[in-house]
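For clarity, every value in this text was computed on a predicted model and none was experimentally measured.
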Amino acid sequence: FAAILADGSIVTWGNPHRGGDSSQVQDQLKGVRQIQATFGGAFAAILADGSVVTPGKPCCGGDSSKVQNQLRGVQQVQA
């Protein structure tokens, strides 16, 4: 699970292998506007500046490093 708090930060919990541990990117999860989960264990968080952070299993979308430079001005993500 992932919850967006009033200050725009995120709290995650549950199976750490299925997106329940976002500690590696916690410092990037500020000003979150929207989250979208995948079935397999990752999620995408759209930040207030339109960038995207993707915690979770790399095989399930948790690694967006190959397209990170294209993820600017994002309005919506659909899994």
| query | What pairs of residues pass the side chain to side chain donor-acceptor pair (under 3.5 Å) test when at least one of them lies in residues 35-48, not counting sequence neighbours? | reply | none
| remark: Applying side-chain contact (heavy atoms from CB on, under 4.5 Å) to D7 and not counting sequence neighbours gives L5, S9
| task | Please report the shortest heavy-atom distance between C60 and A42, naming the atom on each side. | result | O-CB, 3.5 Å
| note | CZ (F43) and OG1 (T54) are apart, to the nearest 0.5 Å, by 9.0 Å
Tabulate below the donor-acceptor pairs under 3.5 Å that side-chain atoms of residues 67-79 make, not counting sequence neighbours, or state none.
residue, atom, partner, partner atom, Å
Q68, OE1, S64, OG, 2.8
Q68, NE2, V52, O, 2.9

| said: Nearest 0.5 Å, please: how far is CD1 in I46 from CD in Q34? | reply: 4.0 Å
List the atom pairs, donor and acceptor, that lie under 3.5 Å between side-chain atoms in residues 25-32 and the rest of the protein, sequence neighbours left out.
residue, atom, partner, partner atom, Å
Q26, OE1, S22, OG, 3.0
Q26, NE2, I10, O, 2.8

